[in-house]
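Just below is one structure, and these are the notes that go with it.
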Amino acid sequence: MRHRVRGRKFGLESDHRKAMLHNLVKSLIEHGRINTTLARAKEMRSLAERCVTYAKKNDIHNRRLAYKILQDRDLVKRLFEEIAPNYTTRNGGYTRVLKAGNRRGDNAPMAIIEFVDEVGKKEVIAKAE
């Protein structure tokens, strides 16, 4: 029974798994949207959303917590100054996972993970009115 057992192991040792998830979050913040397997996207979603929550509270402690995951000052700056201000009124759900079919080589289910675009929604609402 898997009661209260969280997280996927991906057949990796803990250090490798942690590095992989941190690299996925870095890529998501850098590019805004990435292609990966469905399991990886679902697993890294919580880490990415945690980073955005840190960035919504713009203080030194939360910057250090975000840096602990991102390990790049430029990405931390981008997260806090460009990405997080779009989600000030939103309580969670900053990312979306879209299924993208199966990979050709091994038939693994693929997904696209991206940030929910608050700015785009505001523009669409303004055009509708």
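Rounded to the nearest 0.5 angstrom, L28 CG and I34 CD1 are separated by 5.5 Å. Atom SG of C51 is separated from atom CE of M44 by 9.0 Å, given to the nearest 0.5 angstrom. Within the model, atoms CD1 of I69 and CG of L47 stand 4.5 Å from one another, a figure rounded to the nearest 0.5 Å. How far CZ of F10 is from CE of M20: 4.5 Å, rounded to the nearest 0.5 Å. Separation of atoms OG1 (T53) and CG (L65) is listed at 11.5 Å; rounding is to 0.5 Å.
For residues 65-76, there are no side chain to side chain donor-acceptor pair (under 3.5 Å) pairs, not counting sequence neighbours. Pairs of residues two or more places apart, or lying in two chains, that qualify as side chain to side chain donor-acceptor pair (under 3.5 Å) and include a residue from residues 18-33 are R33-E114.
By the side chain to side chain donor-acceptor pair (under 3.5 Å) test, N107 is found to be paired with N102, residues two or more places apart in sequence or in another chain being considered. Every residue two or more places apart in sequence or in another chain was checked for a side chain to side chain donor-acceptor pair (under 3.5 Å) with R50, and none qualifies. The salt bridge (charged side-chain N to carboxylate O under 4.0 Å, His left out) test applied to R78 returns E82, not counting sequence neighbours. For T95, the side chain to side chain donor-acceptor pair (under 3.5 Å) partners are E49, not counting sequence neighbours. Not counting sequence neighbours, the partners of A41 by the side chain to side chain contact (heavy atoms under 4.5 Å, CB included) test are T36, V97, A111, I113. Applying the side chain to side chain contact (heavy atoms under 4.5 Å, CB included) criterion to D106, with sequence neighbours excluded, gives R103, A108. Evaluation of the salt bridge (charged side-chain N to carboxylate O under 4.0 Å, His left out) rule for E81 yields no partner, not counting sequence neighbours. The side chain to side chain contact (heavy atoms under 4.5 Å, CB included) check on K42 picks up R8, L38, R45, with sequence neighbours excluded.
In plain terms, the two heavy atoms of V76 and A66 that are nearest each other are CG2-C, 4.3 Å.
Contact annotation: the side chain of F115 never approaches that of N86 to less than 4.5 Å [non-hydrogen atoms, C-beta and beyond].
In terms of hydrophobic clustering, with Ile, Leu, Val, Met, Phe, Trp and Tyr side chains grouped at heavy-atom distances under 4.5 Å, L12 and L21 are assigned to a common cluster. V25 and I112 end up in different hydrophobic clusters when Ile, Leu, Val, Met, Phe, Trp and Tyr side chains are linked at under 4.5 Å.
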Can you give the donor-acceptor pairs under 3.5 Å from side chains of residues 55-62 to other protein atoms, not counting sequence neighbours?
| residue | atom | partner | partner atom | Å |
| --- | --- | --- | --- | --- |
| K56 | NZ | Y87 | O | 3.4 |
| K56 | NZ | R90 | O | 2.5 |
| K56 | NZ | Y94 | OH | 3.1 |
| N58 | OD1 | R63 | NE | 3.4 |
| N58 | OD1 | R63 | NH2 | 3.4 |
| D59 | OD1 | N62 | N | 3.1 |
| D59 | OD1 | N62 | ND2 | 2.7 |
| N62 | ND2 | K57 | O | 3.4 |

